[in-house]
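Step one of this worksheet: look at the structure below.
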Protein chains: 2
Amino acid sequence: MSNLSSTFAALGDATRFAIVEKLLQEGELPAGELQNVGQISAPAISRHLKVLRKAGVVEQRIDAQRRLYSVRPEAVQAIGAWSMSYREFWQKSLDRLEAALLQESTKK
Amino acid sequence: MSNLSSTFAALGDATRFAIVEKLLQEGELPAGELQNVGQISAPAISRHLKVLRKAGVVEQRIDAQRRLYSVRPEAVQAIGAWSMSYREFWQKSLDRLEAALLQESTKK
DNA sequence: CTATTATTTAACTATTATGTTAAATAATGT
DNA sequence: ACATTATTTAACATAATAGTTAAATAATAG
């Protein structure tokens with residue numbers, strides 16, 4: 001499985017996506033602070049974090065008895081790089097679409 | 001489930017990711033042409049295409065008895081937009097990392 | 001050493017996903 | 001109508017995923 005596809009798989013679960021969004025917005029957080037992303041038990045969160053870590057989406061730092069998690073910038077960047085590598089394709093298509101809509105609104 | 005998370009889920013399967021990459025590189029293709037993305041049966045490909053379609057990643061066009069598939073530019077663009085919305089975060093972090101590596105190589 | 005706090009692992013269950021083969025549907029050509 | 005080509009749906013088996021509670025581990029404080 002390509003590295004990117006594993007990244008997508010990790011983000012393809014709603015709970016994990018919510019965890020990542022929260023970490024992106026609030027920065028490094030302990031596992032316990034991530035429980036409120038849904039009504040879900042601590043063990044469930046812990047396992048989602050393990051999946052995210054294995055996929056290279058988050059990393060862990062230890063501080064006393066807490067485990068602090070944060071998003072690995074490389075992961076988010078890699079996703080953007082993939083999309084951008086096809087930019088010519090989607091930019092062109094979307095420009096065409098926009099032109100067609102403009103044409104439509106100006107018609108008659 | 002957020003729309004983006006469904007998109008990620010669709011791309012999070014290695015076979016589907018390969019299908020999408022092939023469509024991005026070669027443009028619109030009939031279902032039959034997508035079988036060689038792995039040693040997999042036609043029904044399996046058909047169902048992957050259904051998942052991709054439901055997630056809004058690909059669209060279908062009918063031409064006689066063939067079903068032609070292509071990638072929806074909006075899907076790829078949306079992924080890029082998500083990554084870019086956190087650009088400040090990852091750009092900063094990666095700049096710091098680069099600076100640290102430069103520091104390292106110049107040291108002593 | 002014992003208690004407390006934070007988190008993970010184990011064991012188990014239920015649901016979902018993926019693949020297969022066989023049959024059905026769609027569209028065209030004879 | 002029948003055969004051919006292209007693709008999907010049905011039915012089924014198996015594997016993977018995600019959730020739960022209970023127990024274990026980690027680290028600190030008393």
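Reminder, nothing fancy here: chain letters follow the sequence lines and each chain counts from 1. Predicted model, so just to flag it, every value in this text is computed and none were measured.
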Next on the checklist: Classify the ring geometry of A:Trp82 against A:Phe8: parallel below 30°, tilted from 30° to 60°, perpendicular beyond 60°.
Outcome noted: perpendicular
Checklist outcome for this item: For A:Ser6 and A:Ala55 the tightest heavy-atom approach is O-CB, 3.9 Å
Considering only side-chain heavy atoms of [X], which listed nucleotide, [options], is closest?
X: A:Ile40; options: D:dA6, D:dT20, C:dT8; answer: D:dT20
X: B:Arg47; options: D:dT8, C:dT18, D:dG19; answer: C:dT18
X: B:His48; options: C:dT7, C:dG19, D:dT20; answer: C:dG19
X: A:Pro43; options: D:dT8, C:dT20, D:dA22; answer: D:dA22
X: B:Gln65; options: C:dA26, D:dA18, D:dT9; answer: C:dA26
X: A:Ala44; options: D:dT7, D:dT20, C:dG19; answer: D:dT20
X: A:Ser41; options: C:dT9, D:dA18, D:dT21; answer: D:dT21

Are OP1 or OP2 of [N] and a side-chain N or O of [X] less than 4.0 angstrom apart?
X: A:Tyr69; N: C:dA6; result: no
X: A:Gln60; N: C:dT7; result: no
X: B:Arg16; N: C:dT18; result: yes
X: A:Lys50; N: C:dT9; result: yes

Between [N] ([atom2]) and [X] ([atom1]): distance, integer Å:
X: B:Gln35; N: D:dT7; atom1: CD; atom2: C1'; result: 9 Å
X: B:Leu29; N: D:dA6; atom1: CG; atom2: C1'; result: 15 Å
X: A:Arg67; N: C:dT8; atom1: CZ; atom2: P; result: 7 Å
X: A:Asp63; N: C:dT5; atom1: CG; atom2: C1'; result: 13 Å
X: B:Glu33; N: D:dT7; atom1: CD; atom2: C1'; result: 14 Å
X: B:Gln39; N: C:dT21; atom1: CD; atom2: P; result: 12 Å
X: B:Arg66; N: D:dT8; atom1: CZ; atom2: C1'; result: 17 Å
X: A:Arg61; N: C:dA6; atom1: CZ; atom2: P; result: 16 Å

Checklist entry - Roughly how far, to the nearest 0.5 Å, is the CG atom of A:Leu101 from the OG atom of A:Ser105? => result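 Going from the OG atom of A:Ser105 to the CG atom of A:Leu101 covers 8.0 Å.
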Flag side-chain contact, heavy atom, 4.5 Å: [X] against [Y]:
X: B:Pro73; Y: A:Phe89; answer: yes
X: B:Leu49; Y: B:Ile19; answer: yes
X: B:Val57; Y: B:Arg16; answer: no

Checklist entry - Contact class for A:Ala42 (heavy atom, under 4.0 Å): base, sugar-phosphate, or nothing? => result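 Base contact.
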Checklist entry - For D:dC2, which nucleotide in any strand shown is its Watson-Crick or wobble partner with both distances under 3.5 Å? => result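 Looking at the geometry, D:dC2 pairs with C:dG29.
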Checklist entry - Nearest nucleotide by nearest heavy atom, which residue falls closer to the 5' end of DNA chain D, B:Leu68 or A:Ile45? => result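 Taking each residue's closest nucleotide, the earlier one in sequence belongs to B:Leu68.
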